[in-house]
Amino acid sequence: MKSFKFFKPALATTLGIVLGCLLSVRPAQAGYTVTLQQIGPNVVATGSGPINLTGLTFFQSGSLDPQVSPYSMLLPLHGIIGISTGPTSSNVDIYSSPTGPTSFGTRGPTAASSGSGDMVGIARIFWGSSLSVPTGYVSGTALSGMAIYTGKTFATLGVTPGTYVWTWGIGANQKFTLKILPAILPANGPPIVTTNPAAFIASFSATLKGSLNPDGLSTTFHFQYGTTTSYGLTTAPQTQTGDTSRPVSGNINSLAAHTTYHFRIVASNTAGTTFGSDETFTTLSPTGFPIVTAKPATNVATFAATLNGLLDPHGLTTSVYFQCGTTTNYGRTTAVQSQTGNTFRNIAANIVGLAGNTTYHFRIVATNSVGTRYGSDRTFTTQ
C-alpha cells in the first residue's frame with residue numbers, strides 16, 4: 001500500500017504558496033483619511049489613521065497651519081493646493097513626492113479658525129507634491145487631527161464634494177484620502193415634550209406649562225386637561241419650529257374651585273404625535289388669604305427704582321403695598337393699592353429718595369379679611 005507521507009511536504013509547500021499569494025493581494029489599508037463636512041454653521045475637517053512613510057523622501061522640516069486650498073491659478077510658481085488638519089504653527093517634517101489630484105475645488109487658500117490634535121497635511125506646490133507629518137513622526141503610528149472653519153460653507157471655501165486620493169505606494173497606509181461629504185442636516189423626527197408643573201394656580205384659573213422640542217419640523221402643540229385622565233378639554237393650538245427645547249404654556253379659565261385637575265402636553269408634526277406625562281394641580285377655594293410673590297426690581301437708578309410683585313386677591317378685596325429699606329427691618333412703605341378678583345396680576349410701585357450705590361431689601365405685603373401674607377425678601381443695588 002502506497003504511503004502518503006512523501007506527499008505531506010509537497011502539500012504543505014503548496015498551501016504555503018497559495019496562502020502567500022492570497023496575503024500578497026489583500027487590499028492595502030486606508031492610511032490617513034480627512035473628512036470635510038458642513039456641520040451646522042461651520043465646516044469641520046477631521047483626520048485620522050496611520051501613515052507608512054516608505055516610498056517618500058524626506059525633504060525638510062518646517063511649520064504648518066491648518067488650512068484648505070482646493071485650487072490655485074498661481075501654480076506652478078507660488079500656488080498651494082492641499083489640506084492640513086491640526087494645531088496652528090505646528091512643527092512638521094515634510095516628505096516628497098506623493099501623487100494625486102491637482103485640485104478639488106475652485107478657490108483657496110482659507111486658514112482654519114482653529115485646529116487640534118496632530119498636524120498632517122497634503123499639498124501640491126511649485127516643486128511637486130508633499131506630505132507633512134509631526135516632527136519626529138514614527139512611521140505607522142496612528143494620527144488624528146481636526147480643523148474648524150467657523151461660519152464657512154463649501155461655497156465660501158470653494159471645495160467640490162467627492163473623494164480625492166494621494167498615494168506613494170501600493171502597501172498598507174501609503175495613502176492620503178480626502179472625503180468631502182454632504183452637509184449634516186438636523187435630525188427630524190416626532191416632537192419631544194415634557195409636562196411641567198402648573199403655575200399661577202388660582203380659584204378658577206391656572207397656567208399649564210411644558211417644554212417642547214419640534215425636532216426640526218413645524219410642530220403644533222396644545223394641552224389636554226380635565227378632572228380625570230380622560231381630560232376632555234384642550235387649550236388653543238400653538239405652532240413652534242426649530243430643533244431646540246423651549247418652555248411653552250397655555251392659560252386656562254372657567255375652572256371649578258377647590259378641584260383637582262389632570263393635564264398633559266400633546267405635540268404633533270409630520271413625523272408623529274407625542275404625549276407628555278400626566279400632571280395634576282388643585283385649584284384654590286373661592287376665597288382665602290391673598291397670594292403674593294416678589295419679583296425682581298426694575299428701572300433701578302441712582303436714587304429710584306420700581307418694585308414688582310405678583311398678587312391674587314383670592315376673591316376678597318385686598319390691600320397691597322411694598323416694604324423697603326437697607327435691612328430686613330425695611331422702614332419704608334409704598335402707597336397702598338386696592339385689588340379684587342381671583343386671578344394673578346402684576347403689582348408695581350415706584351420708590352424714590354434712595355441713596356446711590358446702596359443695597360436695598362424689599363417685599364410685597366397683601367391683606368384681606370382673612371389675613372395678611374408677606375412675599376419673600378428681595379434685594380437690589382442702586383447705581
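In this structure, Tyr225 and Tyr261 have tilted ring planes: the angle between them lies in the 30° to 60° band. Aromatic ring pairs are classed by plane angle as parallel below 30°, tilted from 30° to 60° and perpendicular above 60°; the pair Tyr164 and Phe104 is tilted. Using the six-membered ring where Trp is involved, Phe200 and Phe344 have ring planes that are tilted, between 30° and 60° apart.
Counting only distance, with no hydrogens or angles, the side chain of Asn342 and the backbone of Pro286 share a donor-acceptor pair below 3.5 Å. Between the side chain of Thr195 and the backbone N or O of Ser277 there is at least one donor-acceptor pair closer than 3.5 Å. Between the side chain of Thr274 and the backbone N or O of Pro191, at least one donor-acceptor pair lies under 3.5 Å. Judged by distance alone, the side chain of Asp93 and the main-chain N or O of Gly136 form a donor-acceptor pair under 3.5 Å. For the pair Ser205 (side chain) and Ile252 (backbone), a donor-acceptor distance under 3.5 Å is absent. Using a distance-only test at 3.5 Å, with no hydrogens or angles considered, no donor-acceptor pair links the side chain of Asn269 to the main chain of Leu217. A side-chain donor-acceptor contact under 3.5 Å links Thr382 to the backbone of Asn357. Under a 3.5 Å cut-off, the side chain of Thr283 and the backbone N or O of Ala256 do form a donor-acceptor pair. Looking only at distances, a side-chain donor or acceptor of Thr318 sits under 3.5 Å from a matching main-chain atom of Leu316. Here the side chain of Gln174 pairs a donor or acceptor atom with the backbone of Thr54 at under 3.5 angstrom.
Note: the hydrophobic cluster containing Val165 does not contain Ile81 (ILVMFWY, side chain heavy atoms under 4.5 Å, direct or indirect links). Under the 4.5 Å side-chain heavy-atom criterion for Ile, Leu, Val, Met, Phe, Trp and Tyr, Leu56 and Phe58 are members of the same hydrophobic cluster. In the hydrophobic clustering of ILVMFWY residues, with side-chain heavy atoms under 4.5 Å counting as a link, Phe204 and Leu208 come out apart. Linking Ile, Leu, Val, Met, Phe, Trp and Tyr residues whenever their side-chain heavy atoms come within less than 4.5 Å places Phe223 and Leu233 in a single cluster. Criterion: ILVMFWY side-chain heavy atoms under 4.5 Å apart, direct or through other members. Under it, Leu212 and Val266 are not part of a common hydrophobic cluster.
In summary, the side chains of Arg246 and Gln240 do present a donor paired with an acceptor at a separation below 3.5 Å, with no hydrogens or angles considered. With hydrogens and angles left out, the side-chain atoms of Thr381 and Thr359 include a donor and acceptor closer than 3.5 Å. The closest side-chain donor-acceptor pair between Asp278 and Thr229, if any, does not fall under 3.5 angstrom. Between the side chains of Ser63 and Asn91, no donor-acceptor pair of N or O atoms lies under 3.5 Å. A side-chain donor-acceptor contact under 3.5 Å links Thr260 and Thr282. Using modelled atom types and a 3.5 Å distance limit, the side chains of Asp377 and Tyr330 yield a donor-acceptor pair.
Each of Ile122, Thr177, Thr99 was scored for a side chain to side chain contact (heavy atoms under 4.5 Å, CB included) with Trp166, with one residue passing: Ile122.
Distance check: Ser249 OG to Gln238 CD gives 6.5 Å after rounding to the nearest 0.5 Å. Taking OG1 from Thr207 and CD1 from Ile201, the interatomic distance works out to 9.0 Å, rounded to the nearest 0.5 Å. Annotation: the span from Thr241 atom OG1 to Asp215 atom CG amounts to 12.5 Å, rounded to 0.5 Å. Expressed to the nearest 0.5 Å, how far CG of Leu157 lies from CG of Leu36 amounts to 7.0 Å. Atom CD1 of Ile51 sits about 10.5 Å away from atom OH of Tyr95, to the nearest 0.5 Å. Here the CG atom belonging to Asn52 is positioned 16.0 Å from the OH atom belonging to Tyr32, to the nearest 0.5 angstrom.
Closest non-hydrogen pair, Tyr321 versus Ala335, comes out as CB-O, 3.9 Å. Between Phe281 and Ala206, the closest heavy-atom pair is CE1-CB, 3.8 Å. Minimum heavy-atom separation, His314 to Ser203: CD2-OG, 3.5 Å. Considering all non-hydrogen atoms of both residues, Ser211 and Asn196 come closest at N-ND2, 3.6 Å. Taking every heavy atom of both residues into account, Ile364 and Gly309 meet most closely at CD1-CA, 4.0 Å. A pairwise comparison of heavy atoms in Asn213 and Gly242 identifies OD1-O, 4.3 Å as the closest pair.
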> How far apart are the C-alpha atoms of Phe59 and Thr57, what are their side-chain angles, what is the distance that settles it, and do they pass the side chain to side chain contact (heavy atoms under 4.5 Å, CB included) test?
Replying inline: CA-CA 6 Å; Phe59 177 67; Thr57 302; over 6 Å; no
>> Determine whether Ile265 and Val248 satisfy the following criterion, side chain to side chain contact (heavy atoms under 4.5 Å, CB included), listing intermediate values before the conclusion.
In response: CA-CA 9 Å; Ile265 184 173; Val248 292; 3.7 Å; yes
> Hey, mind stepping through Val365 and Val320 against side chain to side chain contact (heavy atoms under 4.5 Å, CB included) and telling me if it holds?
Replying inline: CA-CA 6 Å; Val365 183; Val320 58; over 6 Å; no
> Please walk me through it: do Tyr231 and His262 pass side chain to side chain contact (heavy atoms under 4.5 Å, CB included)?
Replying inline: CA-CA 7 Å; Tyr231 306 108; His262 295 258; 3.8 Å; yes
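Counting heavy atoms from C-beta outward, Pro109 and Ile80 have side chains that stay 4.5 Å or more apart. Put simply, the side chain of Leu354 reaches to within 4.5 Å of the side chain of Phe380, judged on heavy atoms. Considering only heavy atoms from C-beta on, Thr85 stays 4.5 Å or farther from Met119 through its side chain. The side-chain heavy atoms of Arg363 and Phe322, taken from C-beta on, include no pair separated by under 4.5 Å. The closest side-chain heavy-atom distance from Leu64 to Ile94 is not below 4.5 Å. Here the side chains of Thr317 and Ser338 are in contact, with some heavy-atom distance below 4.5 Å. The shortest distance between side-chain heavy atoms of Ile180 and Thr160 does not fall below 4.5 Å.
By the 6.0 Å and 45° rule, Arg107 does not stack over the aromatic ring of Tyr71.
Checked against side-chain contact (heavy atoms from CB on, under 4.5 Å), Arg345 has the following partners two or more places apart in sequence or in another chain: Leu311, Pro313, Gln339, Thr343, Ile347.
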Show which side-chain atoms of residues 141-155 pair as donor or acceptor with protein atoms under 3.5 Å away, not counting sequence neighbours.
residue : atom : partner : partner atom : Å
Thr141  : OG1  : Val138  : O            : 2.8
Tyr149  : OH   : Gln67   : O            : 3.2
Tyr149  : OH   : Val68   : N            : 3.2
Thr150  : OG1  : Ser113  : OG           : 3.3
Thr153  : OG1  : Ala155  : N            : 3.3
Thr153  : OG1  : Thr156  : N            : 3.2
Thr153  : OG1  : Thr156  : OG1          : 3.4

With a 3.5 Å cut-off and sequence neighbours excluded, list the donor-acceptor pairs that the side chains of residues 290-308 form with protein atoms.
residue : atom : partner : partner atom : Å
Lys295  : NZ   : Asn346  : OD1          : 2.8
Thr298  : OG1  : Asn308  : ND2          : 3.1
Asn299  : ND2  : Thr306  : OG1          : 3.2
Thr306  : OG1  : Asn350  : OD1          : 2.7
Asn308  : ND2  : Pro296  : O            : 2.9
Asn308  : ND2  : Thr306  : O            : 3.4

